[in-house]
Amino acid sequence: MASAAIRVLGADVLAPYARDRGPAHDGPNDDRDGAAGTADQALVRAALAAYPPGADASEVSVWSYRGLVAAARAFLPADAAGRPPEPPAATDWAATDAWPRLAHRASQLASLSLPGVDTPLAGCLAERTDDLARGFVRAVRRRDWLQAAGLGRWLAGLPDVPDSLGLDSGLVFVRQMSGDDPRVALHITAAARFYGRGS
């Protein structure tokens, strides 16, 4: 059960390790070298071994897996020998997808928007900030709070977001309107905690 949950959460399972990389950091992060870090290494290693993407896995599934590997590499560096290699994953869709489909996929991969987690996908999405902003507005209008939260999280960490978007107030609005959806709360909290947006 724990391994499956970790695989679903992806890189976000290691989000506490990223707290010293965002503007809301209050002090040093020492967990990675202690007992907690050792336990986390074992759990992440087990999840990666138990649920690798299959040959017919979607790009979202492959990128989610890669994100967890990248987060482990960034935040659990002592565990390098126990991690599998990152499987190949295409980035062409991030450059060529029409903006509605791009917004849908990007929102599903919002866990990769973590300080210190370096993936080629983030660079590709940075080239399409305007399309992600368009997707954010569309998601809010459609009351798709989860998609809006995921896109808002990406936008919080990307450069050149247009001021006219009103991202900060938009994130607050999404949080208020989404009720008690924990997935929305996770993305909005990450945007505020790591990028200082929407708080």
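Treat the numbers as computed from the prediction; the structure is a model and nothing was measured.
Here the side chains of P120 and W63 are in contact, with some heavy-atom distance below 4.5 Å. Within the 4.5 Å cutoff, the side chain of W93 has heavy atoms near those of the L121 side chain. At a threshold of 4.5 Å between non-hydrogen side-chain atoms, the residues L43 and S3 do not count as touching. P87 has its side chain out of reach of P52: every pair of non-hydrogen atoms, C-beta onward, lies at least 4.5 Å apart.
L114 and L112 fall into different hydrophobic clusters, defined by Ile, Leu, Val, Met, Phe, Trp and Tyr side-chain heavy atoms under 4.5 Å apart, directly or through other members. One hydrophobic cluster, built from ILVMFWY side chains closer than 4.5 Å, holds both L102 and L155.
When the side chain to side chain donor-acceptor pair (under 3.5 Å) test is applied to R128, the partners found at least two apart in sequence or on another chain are D131. With sequence neighbours left out, the salt bridge (charged side-chain N to carboxylate O under 4.0 Å, His left out) criterion links R138 to no other residue. Listed by chain and number, the residues in a side chain to side chain donor-acceptor pair (under 3.5 Å) with D168 are R197 (sequence neighbours excluded). With sequence neighbours left out, the side chain to side chain donor-acceptor pair (under 3.5 Å) criterion links S61 to R7. The salt bridge (charged side-chain N to carboxylate O under 4.0 Å, His left out) test applied to D118 returns no partner, not counting sequence neighbours. Taking A90 as the reference, E59, D92 meet the side chain to side chain contact (heavy atoms under 4.5 Å, CB included) condition, with sequence neighbours excluded. With sequence neighbours excluded, the residues forming a side chain to side chain donor-acceptor pair (under 3.5 Å) with R73 are E86, listed by chain and number.
Using a 4.0 Å cut-off between a side-chain N of Lys or Arg and a carboxylate O of Asp or Glu, D144 and R142 do not qualify as a salt bridge.
Residues in residues 107-133 take part in no ring pair (Phe, Tyr, Trp, His ring centres under 6.0 Å) pair, two or more places apart or across chains. Among residues at least two apart or in separate chains, salt bridge (charged side-chain N to carboxylate O under 4.0 Å, His left out) pairs with a member in residues 103-112 are D97-R105. Evaluation of the ring pair (Phe, Tyr, Trp, His ring centres under 6.0 Å) test over residues 123-173, restricted to residues two or more places apart or in two chains, returns W145-F173. Pairs engaging residues 94-119 under the ring pair (Phe, Tyr, Trp, His ring centres under 6.0 Å) rule: none recorded [sequence neighbours left out]. Listed by first and then second residue, the salt bridge (charged side-chain N to carboxylate O under 4.0 Å, His left out) pairs that reach into residues 148-165 are D12-R153, sequence neighbours excluded.
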- Show the numbers, then the answer: is there a side-chain contact (heavy atoms from CB on, under 4.5 Å) between Y51 and I6? CA-CA 10 Å; Y51 297 103; I6 289 169; over 6 Å; no
- Dump the intermediate steps for side-chain contact (heavy atoms from CB on, under 4.5 Å) on Y17 and V117, then the final yes or no. CA-CA 11 Å; Y17 286 86; V117 175; over 6 Å; no
- Task: Go through the steps for S111 and L9 under the test side-chain contact (heavy atoms from CB on, under 4.5 Å), then give the verdict.
- Result: CA-CA 7 Å; S111 67; L9 281 171; over 6 Å; no
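Scanning both residues, A103 and L151, for their nearest heavy atoms gives O-CD2, 3.4 Å. Among all heavy-atom pairs drawn from I188 and A149, the shortest one is CD1-CB, 4.0 Å.
Remark: side-chain polar atoms of S113 are not paired, donor with acceptor, to backbone N or O of A110 under 3.5 angstrom.
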